[in-house]
Structures are given as structure tokens and as C-alpha cells.
Peer 1: 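Got a structure here, written out as C-alpha cells. Questions coming.
Nothing here was measured: the structure is a model prediction, and the numbers come from that model.
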Amino acid sequence: MLINVWSRGLKPEMVDEAVAFFKATVSPFTHEATGIEKQMVGLDRATNRMIMVTVYKSEEAYKAQVSSPQFQEFIAPLEKFYATPLEIHDYEVVYDI
């Protein structure tokens, strides 16, 4: 398994709209995607920083999803919400409860 973490600052005036948009679009997209075990989105309202933590079944599943044309089309409309560059970190799962 692979844990993928995206972190990015949101534009302060668009935080609530971004949260609503993520709930309406990210959740259905994630449920339809193959290779995802779980996904969580968190928000620090003091800093307007959002994180998305996705657990993939394998590194191959992660690579297949992020390189797909559907994924690229999906993430393009999200750009309007962001105030900072995207930070991506991948982690090997070493312990699972």
C-alpha cells in the first residue's frame, strides 16, 4: 500500500466554496476510482491549508490514477481555489491497524 498526501493553501475567500466543491466532486470521483482504499480531506481553518490523504492499494494503482487523462481533467477545475503551490508526499505503509 501507498499513502499519498497532497497539501495546499486555499484562497481565504474561497474556503467554504472549495470544501463544498470537494465534497460534491472529489468524493464521487474517489468512489469510482479503482485502487483507492481510503481518502480523507482535512482543513486547518486558521491557515486555510487543506490536505488530502489517499491510501492506494499499490504504487502501481497510484501511478495509474495520476497519469490517467480522467484524473488530469478532474483536477484542472480545482486550481481556482488554490493560493499556494501543491506539495505532494508519498509514504510506504509500514503499519496498518
Side-chain angles (χ1 to χ4, degrees):
M1 284 192 289
L2 175 97
I3 299 169
N4 173 257
V5 179
W6 285 23
S7 177
R8 207 154 187 193
L10 299 173
K11 294 176 183 173
E13 69 277 8
M14 298 189 85
V15 170
D16 291 331
E17 183 181 347
V19 170
F21 187 84
F22 268 73
K23 285 181 181 178
T25 62
V26 174
S27 183
F29 181 84
T30 299
H31 287 294
E32 293 173 8
T34 58
I36 293 178
E37 290 282 330
K38 184 167 182 87
Q39 185 174 70
M40 295 165 282
V41 176
L43 174 66
D44 179 346
R45 288 193 182 268
T47 63
N48 298 317
R49 191 144 193 94
M50 180 177 272
I51 64 164
M52 182 168 20
V53 179
T54 308
V55 180
Y56 288 90
K57 292 180 181 178
S58 66
E59 184 174 353
E60 293 77 20
Y62 165 70
K63 288 179 179 178
Q65 182 185 17
V66 298
S67 65
S68 73
Q70 297 86 356
F71 183 77
Q72 299 307 316
E73 289 174 21
F74 167 73
I75 63 170
L78 303 176
E79 287 298 318
K80 67 182 178 185
F81 299 114
Y82 299 130
T84 65
L86 175 63
E87 295 179 25
I88 301 175
H89 301 281
D90 297 324
Y91 301 90
E92 170 189 358
V93 175
V94 294
Y95 178 66
D96 183 20
I97 298 176

Peer 1: Within this structure, what is the CG-CE distance for the pair L78 and M52, rounded to the nearest 0.5 Å?
Peer 2: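 Reported to 0.5 Å precision, the distance equals 7.0 Å.
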Peer 1: Please list, chain by chain and in numerical order, all residues satisfying salt bridge (charged side-chain N to carboxylate O under 4.0 Å, His left out) with E59, sequence neighbours excluded.
Peer 2: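 Salt bridge (charged side-chain N to carboxylate O under 4.0 Å, His left out) check on E59 returns K63.
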Peer 1: Donor-acceptor pairs under 3.5 angstrom involving side-chain atoms of residues 5-19: please list them, not counting sequence neighbours.
Peer 2:
unit_1, atom_1, unit_2, atom_2, d
W6, NE1, N4, OD1, 2.9
S7, OG, R49, NE, 2.9
S7, OG, R49, NH2, 3.2
R8, NE, T84, O, 2.7
R8, NH1, E79, OE2, 3.1
R8, NH2, E79, OE1, 3.1
K11, NZ, K80, O, 3.1
D16, OD1, R45, NH1, 3.0

Peer 1: Any chance you could measure I3, atom CD1, to E92, atom CD, to the nearest 0.5 Å?
Peer 2: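 With rounding to 0.5 Å, CD1 (I3) is 9.5 Å from CD (E92).
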Peer 1: Atom CD1 in I51, atom CG in L43: separation rounded to 0.5 Å?
Peer 2: 9.5 Å
Peer 1: Mind checking whether V66 and M1 sit in one hydrophobic cluster, side chains of I, L, V, M, F, W, Y counted as touching below 4.5 Å?
Peer 2: no
Peer 1: To the nearest 0.5 Å, what is the distance between CG on L2 and CG on D90?
Peer 2: 5.0 Å
Peer 1: Could you see if V53 belongs to whatever hydrophobic cluster contains V93? Use Ile, Leu, Val, Met, Phe, Trp, Tyr and a side-chain cutoff under 4.5 Å.
Peer 2: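 Cluster IDs for V53 and V93 match.
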Peer 1: Report yes or no: do Y91 and Y62 belong to one cluster of Ile/Leu/Val/Met/Phe/Trp/Tyr joined by side chain heavy-atom distances under 4.5 Å?
Peer 2: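 In one cluster: no.
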Peer 1: Output all residues satisfying ring-ring contact (aromatic ring centres under 6.0 Å, His included) with F21, sequence neighbours left out; order by chain, then residue number.
Peer 2: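 ring-ring contact (aromatic ring centres under 6.0 Å, His included) list for F21, sorted by chain: F81.
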Peer 1: Return the CD to OG1 distance between E37 and T54, rounded to the nearest 0.5 Å.
Peer 2: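 Between atom CD of E37 and atom OG1 of T54 there are 11.5 Å.
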